[in-house]
Amino acid sequence: MVSKRRRSDSEDKENITEDASKILKQPLSKLAKKSHGSHEVEENGSVFVRLLKTSGLTLKTGENQNQLGVDQIIFQRKLFQALRKHPSYPKVIEEFVNGLESYIEDCDSLRNCLLSCERLQDEDASTGAFYSKSLIKLLLGIDILQPAIIKMLFEKVPQFLFENESSDGINMSRLIISQLKWLDRIVDSKDLTTQMMQLISVAPVNLQHDFITSLPEILGDSQHANVGRELSELLIQNTSLTVPILDVFSSLRLDPNFLSEIRQLVMGKLSSVRLEDLPVIIKFILHSVTDTTSLEVISELREKLNVQHFILPSRVQASQSKLKSKGLASSSGNQENSDKDCIVLVFDVIKSAIRYEKTISEAWIKAIEHIESAPEHKALDVAMLLIIYSTSTQTKKGIEKLLRNKIQSGCIQEQLLDSTFSTHYLVLKDICPSILLLAQTLFHSQDQRIILFGSLLYKYAFKFFDTYCQQEVVGALVTHICSGNEAEVDTALDVLLELIVLNPSAMRLNAVFIKGILDYLENMSPQQIRKIFCILSTLAFSQQPGTSNHIQDEMHLVIRKQLSSTVFKYKLIGIIGAVTMAGVMAEDRSVPSNSTQRGADLSNEWCTQVTSLLQLVHSCTEHSPWASSLYYDEFANLIQERKLAPKTLEWVGQTIFNDFQDAFVVDFCAVPEGDFPFPVKALYGLEEYSSQDGIVINLLPLFFREFAEISQVTSREPSQKSMSPLCLASHFRLLRLCVARQHNGNLDEIDGLLDCPLFLPDLEPGEKLESMSAKERSLMCSLTFLTFNWFREVVNAFCQQTSPEMKGKVLSRLKDLVELQEILEKYLAVTPDYVPPFANVDLATLDMIPWSGSAVSTKNRNKGKMGARKQKADSSKASSTEALLTEDTSECDIVPTGRSQVDKESTAKEGKTFVSLQNYRAFFRELDIEVFSILHSGLVTKFILDTEMHTEATEVVQLGPAELLFLLEDLSQKLENILTPSFAKKMCFLKNKGSRNIGFSHLHQRSVRDIVHCVVQLLTPMCNHLENIHNYFQSLSAGSLSVDDKPGVKAQEHLTMSSCYQKLLQIFHTFFAWKGFTHHSNHHLLHSALEVLTSRLKQTEQKQPLEELVSQSFSYLQNFHHYIPSFQCGLYLLRLLMALLEKSAVPTQKKEKLASLAKQLLCRAWPHGEREKNTNFNDHLHDLLCIYLEHTDNILKAIEEIAGVGVPELVNAPKDGSSSTFPTLTRHTFVIFFRVMMAELEKTVKGLQAGTATDSQQVREKKLLYWNMAVRDFSILINLMKVFDSYPVLHVCLKYGRHFVEAFLKQCMPLLDFSFRKHREDVLSLLETLQLNTRLLHHLCGHSKIHQDTRLTKHVPLLKKSLELLVCRVKAMLVLNNCREAFWLGTLKNRDLQGEEIISQCPSSQESTSEDSEDSVTSHVSKNRATESSAQAGLDGEDEASDGQRDEDNDESDDSSD
């Protein structure tokens, strides 16, 4: 059998040993050319020798090469013709072969025949070969000789199988088999295959590998299947031959089913193979993948491929080798390097397959996408996503989307990413640019979890990659910092801070890149500036002296330049930078992490630098109250966060103490000097002082002196060098933190400031408020603000003191704060143009607090008079002030304080302006998070001592409702700001970017996790307060009287308690809705919080699973619904329960309870005026109704109950009445109910699966019944527009009516196609009901046109188009069921909502009247020609439909305006 062979592009693929022998024999051949006749083989009558010589080849003896005198093809042709024309042909062939066999009995002769021949002349054309073939290969190219020579060669091979290589490196067995490679023709390929497989079976292992890998080069294509079967059997018998066999399978043309079997066999052994065999195995698996099996194969491969299995043992060996000798360590290192090379090779194979096979990359992405639980994800998955991202540009978007989903679901977390980089860093470092590109893309997300993942990519790239990649990482982070995006800047700075701790030496090499950020400080927030200077200072002032002098010089230069700037903004930047750098320089390094004690203080040089730097800042800021206040606040934050060296702290503490005492504190007996407009008294003292002792804060004299010089607070230098009272609070904060740091939190040294009075006029305005001049009111407002902020800082300072006496005084100061709030509201209501003194100097507030001009009151702003009086130059300042004073971040507060609502009602009657202090948050000192430890207070006893320090009386001080509300309001604002993502908040258009964080600067200097931990500690006291307030309302509702009628119960107290109730629920909801709980590192915080709630029901010692904790917490909180005091409290309780259910793996079990609670709130009669008390009542009602319908088990039944029971009760009720079943359903709220019911109905039917031919009879009946209920609900709702025909109701009917018809076409009509024959009556009844509704929709279209309401008419074309499609679809259903004759068309007149026919506008033309009015058709389906069901559709012009298409996008804007 003769088969054609595939030739290679050139014949230089000959065995390497031939080339080697050719080079080895080259000197001998040159010698042979000089004497052609020497060493020739004598003929001696041999046909073999004679025929070769006549054909052009001369045999040589010894180590001389055989000489070929003619072209190889000419030689083969001459020899073939000589044999064919020989007289004794074909017997001459046998003689020829026998002669050859005799000749090669000698090993040297055999070797000469197997090695290439020597060319005696240069041959320009002909074959163009670069080398001469061997004699044996030339003879194998002659068909009549090939079978006999192949047989002879296979008989020769066994002689050399077990011999070693000769001295010249030639293995005879390999040399013999190499003669069979790349033959042009094979006469008997089957016999050749048999002999090769027999030889492989008996050969030693080292030769088996070579023989197997040579098979594709020897055998013909026709034998591939047979060879594949035999090799598969050999693979099962001998696993050591897996690699060469699989390598051969990749080169053979085999049946896909056969390859699938081999793949399954190999996949089962994947976990037990050697690492050096893995690349070939992976290559075979990937090359055998088809489009249909790709997903299955890749899924199984990612399950069984565990590279860590190979890496970890090598690391153990490497660590053990360090304890052994150098020789063993060297060998172990070589082995480790070999393993690393193999791993790199494995991923090179994978990358090659992904790059050239789109199917494999798509399958790998789908395999990872289908993994649901986090524990099932492996480091290989993340590595493969990164590799695919780098190799294929088409899949980048898909990879980014998949990663976002995995990160948001918590499947890919930091631990997994760390494992990925530590295991696959050798592979990932080659794709470093792609990893950085991915990180850059993720940084642009608005989800903080995704941004965090991008920061981790930067972090681990810096940690595991080389110096070049580290430089790229730092460069990318600097680019993010200079981008201007707030989230990017914050995260990039946090990454740089982590990298400094991770690898400070590597970061110092890249300090020059970070130094460039100093040019972009102008547009950064104070917290970001602090981080930048902290980074640079840490690099500059490291413990290796002299390593970063250039950075030190650069920073000193920048800071001095900014401190001396006349632009106030740059001066503030200089203050922040100087204080931050001083903190790093003065940091206490005397307590190292190890046990050894190093130097006690800083070096004298650095101590001198710190002192001089702080003195420089003080001298540059002493003439500006703004700058001084910022300096004190910055220094206070520094002392709070860092542990300074004792020597520096002592110097700072003494200086601050003396300055504060000299500037603000006077003796009680001192008489204030000055011409004050009001009598000066020592007010708000908590102790009875005699005339001889005691101290007073000298507030009024200091402020009046400054107030008299300038009419408005500016940064202008005052005439006298004295401390401004505007710095009182910030200076005291610095003082108390210094004292607390020096005395381990004990403030006994300054406890006199807690109870000391202040020199003030009587702040309570009383009746004299109206008679005050504008200047006097402004003075009183400023004094009240300063006193208020002083007390806030006092509470900050002493809130954590453990002494009962101090606790009582702190509560007294809290009561003073509540009283001052009420006084402030009174002053601000009659002083609309007043601008308060600053309290928090920040770059974020610098542009928003006006230096001149006036604040805008609510009343004047509504009237629009302020803009007419202002000049254009002040317009920007006024707008920024207006934005600041009108901002209110609380979404649905009942009132800011308990009394403000009563004030609002009273002032509304008198026509006065109502002022909310929430709008003045920027002018209040910030309360620390530690202040809320006061919530732990119950009854605190305050002792009053006589002159001999004996107890004279005992007073009980308790945290009252007003004080509780004061704390809860502040805590609620803090949690909403820090835990709610910025993109989730409702931000006003063109609002200042930094306005959201004004008043929370101290809060944002602490980590979110730290804040959450503090709130967990507060959950127990908040639960106590929640239960106490619940008991209050329970006892209040025990009687049948209302709040106003019950003796002894004040409306004010009821309102305050209700506000406390709402704030507590709001805090709980904001806390448990925090998205950070999904992160693995925060799970323990969630467990702790849920354990607190669970412990309120029962005490459990053993740790419970999360699901049980969620269930118990849900049960605890739902018990509060019985005595909810307000509608808003009920809504927040439901939102809180929903936030808890999000933490559950099986939330469906509690959904019905949520629906039941929501229904109870809807069916409850709330106090009269509840809707008027809150402008957000309609939004809250909308949310509550959506919660009810989304969580009920039968939404259609719920809609039918409201529309079929509640609405008729409303129709029959009086004008101001409501439904008796649903008291929240009134004529004012009907539109909300109607819109929500229509939207939820459309959403429900759209979610139904369309009917298919494969559905069972039971499934079809169930779906048909469901659609009957849906159409019945739709019919009830649509018919309501006859009674309620306002624009919002009609708009909802047009919009959601069309959506319902479209859903009916897509989801229900396929079901009717298959159900018509068996359920004919039900189908016709369904269509008849729908036809009545669509007719009403047609009437609505006519009504919209006749009233020419463009808000409604833009929906008409799309609706009529849908109705037309319904007619055509019904006809198609009848044709499908062989009932075409039952369909007929009729005319339908245009009518209005009352059913009256619409008369044409052109009665003169009868034809035009007919065309305009009868623009619709009716489809009738016959019930045995007795019952009719019709569906109609408008057939308007195409231009109307196109107009509707253009207006469809504006649909949502109408909804928002309803």
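All heavy atoms count here, side chains included; hydrogens, waters and symmetry mates do not. Small disclaimer: the values here were computed from a predicted structure and weren't measured. Throughout, residue positions are numbered sequentially from 1 according to the sequence presented.
A tilted orientation is assigned to the rings of Phe421 and Phe465, their planes being inclined by 30° to 60°. Using cut-offs of 30° and 60° on the angle between ring planes, the pair Phe443 and Tyr458 is perpendicular.
Under the 3.5 Å distance criterion, with hydrogens and angles disregarded, no donor-acceptor pair is assigned to the side chains of Ser294 and Glu362. Judged purely by distance below 3.5 Å, without hydrogens or angles, the side chains of Asp191 and Gln195 pair a donor atom with an acceptor atom.
Using a distance-only test at 3.5 Å, with no hydrogens or angles considered, no donor-acceptor pair links the side chain of Ser352 to the main chain of Asp348. Panel note: side chain Lys429, backbone Phe464; no donor-acceptor pair is recorded below 3.5 Å. Looking only at distances, no side-chain donor or acceptor of Asp210 sits under 3.5 Å from a matching main-chain atom of Leu207. Looking at Ser178, its side chain does come within 3.5 Å of a backbone N or O of Leu175 through a donor-acceptor pair. A donor-acceptor pair is defined here as one N or O able to donate and one able to accept, closer than 3.5 Å; no such pair exists between the side chain of Thr423 and the backbone of Thr420. The backbone N or O of Thr391 sits nowhere less than 3.5 Å from a side-chain atom of Lys351 that would complete a donor-acceptor pair. Counting only distance, with no hydrogens or angles, the side chain of Ser260 and the backbone of Pro256 share no donor-acceptor pair below 3.5 Å. Listed for the Gln408 side chain is no donor-acceptor partner under 3.5 Å among the backbone atoms of Arg449. Judged by distance alone, with hydrogens and angles left aside, the side-chain atoms of Ser173 form a donor-acceptor pair with the main-chain N or O of Phe160 at under 3.5 Å. In this structure a side-chain-to-backbone donor-acceptor pair under 3.5 Å is missing from Ser419 to Leu416.
For Gln415, the CD atom counts as loosely surrounded, since its 6.0 Å shell holds 12 or fewer non-hydrogen atoms of other residues, nucleotides or ligands. More than 12 heavy atoms of other residues, nucleotides or ligands lie within 6.0 Å of CD in Glu163, so this atom counts as buried by the packing criterion. The neighbour count for Lys304 NZ, taken as heavy atoms of other residues, nucleotides or ligands under 6.0 Å away, is above 12. The environment of NZ in Lys366 is sparse: at most 12 heavy-atom neighbours from other residues, nucleotides or ligands sit within 6.0 Å. Other residues, nucleotides and ligands contribute at most 12 non-hydrogen atoms within 6.0 Å of the OH atom of Tyr356.
The pair Arg253-Asp221 meets the salt-bridge criterion, with a side-chain N (NZ, NE, NH1 or NH2) lying under 4.0 Å from an Asp/Glu carboxylate O.
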Take Phe249 and Ser288 through the side-chain contact (heavy atoms from CB on, under 4.5 Å) test and state the conclusion after the steps. CA-CA 9 Å; Phe249 280 158; Ser288 63; over 6 Å; no

Would you please test Arg263 and Thr293 for side-chain contact (heavy atoms from CB on, under 4.5 Å) and show each step? CA-CA 11 Å; Arg263 185 179 61 242; Thr293 62; 4.1 Å; yes

Determine, stepwise, if the pair Leu403 / Ile399 fulfils side-chain contact (heavy atoms from CB on, under 4.5 Å). CA-CA 6 Å; Leu403 275 175; Ile399 296 291; 4.1 Å; yes

Taking it one step at a time, do Asp247 and Thr213 satisfy side chain to side chain donor-acceptor pair (under 3.5 Å)? CA-CA 7 Å; Asp247 197 12; Thr213 53; over 6 Å; no

Steps toward side-chain contact (heavy atoms from CB on, under 4.5 Å) verdict (Met384, Ile350): CA-CA 9 Å; Met384 285 308 306; Ile350 296 176; 3.4 Å; yes

Take Lys1103 and His1087 through the test side chain to side chain donor-acceptor pair (under 3.5 Å) and record every step on the way to the result. CA-CA 9 Å; Lys1103 191 172 182 179; His1087 273 268; 5.2 Å; no

For Glu376 and Ser373: C-alpha separation, side-chain torsions, deciding distance, then whether side chain to side chain donor-acceptor pair (under 3.5 Å) applies. CA-CA 6 Å; Glu376 294 180 5; Ser373 63; 3.3 Å; yes

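Rounded to the nearest 0.5 angstrom, Ile365 CD1 and Leu385 CG are separated by 7.0 Å. Between Leu183 atom CG and Ile186 atom CD1 the span is 6.0 Å, to the nearest 0.5 Å. In this structure, CD in Glu369 is found 8.0 Å from NZ in Lys401, a value given to the nearest 0.5 Å. Note that NZ of Lys396 is 5.5 Å distant from CG of Leu437, once rounded to the nearest 0.5 Å. Of the inter-residue distances, the one linking Leu380 atom CG with Glu303 atom CD reads 10.0 Å to the nearest 0.5 angstrom. Of the inter-residue distances, the one linking Thr395 atom OG1 with Glu400 atom CD reads 9.5 Å to the nearest 0.5 angstrom.
Contact annotation: the side chain of Ile176 never approaches that of Ile136 to less than 4.5 Å [non-hydrogen atoms, C-beta and beyond]. Between Ile262 and Leu246, some side-chain heavy-atom pair lies under the 4.5 Å cut-off. Considering only heavy atoms from C-beta on, Leu1086 comes within 4.5 Å of Lys1143 through its side chain. Met172 has its side chain within reach of Leu114: a pair of non-hydrogen atoms, C-beta onward, lies under 4.5 Å apart. At least one side-chain heavy atom of Leu457 sits less than 4.5 Å from a side-chain heavy atom of Leu417. Using a 4.5 Å heavy-atom cutoff, the side chains of Phe347 and His424 are in contact. Using a 4.5 Å heavy-atom cutoff, the side chains of Leu231 and Leu235 are not in contact. Under the 4.5 Å side-chain criterion, counting only non-hydrogen atoms from C-beta, Ile435 is not in contact with Tyr389.
The minimum heavy-atom distance between Val349 and Leu286, with the atom names listed, is O-CD1, 4.3 Å. Across all their heavy atoms, His377 and Ile371 have their closest contact at CE1-CG2, 3.5 Å. Shortest non-hydrogen contact noted between Glu276 and Cys342 is CA-SG, 3.7 Å. Pairing each heavy atom of Leu278 with each of Leu305, the nearest pair is CD2-CD1, 3.9 Å. Of all heavy-atom pairs spanning Ile431 and Leu386, the tightest one is CD1-O, 3.7 Å. Between Ala374 and Gly410, the shortest heavy-atom contact is CB-O, 3.7 Å.
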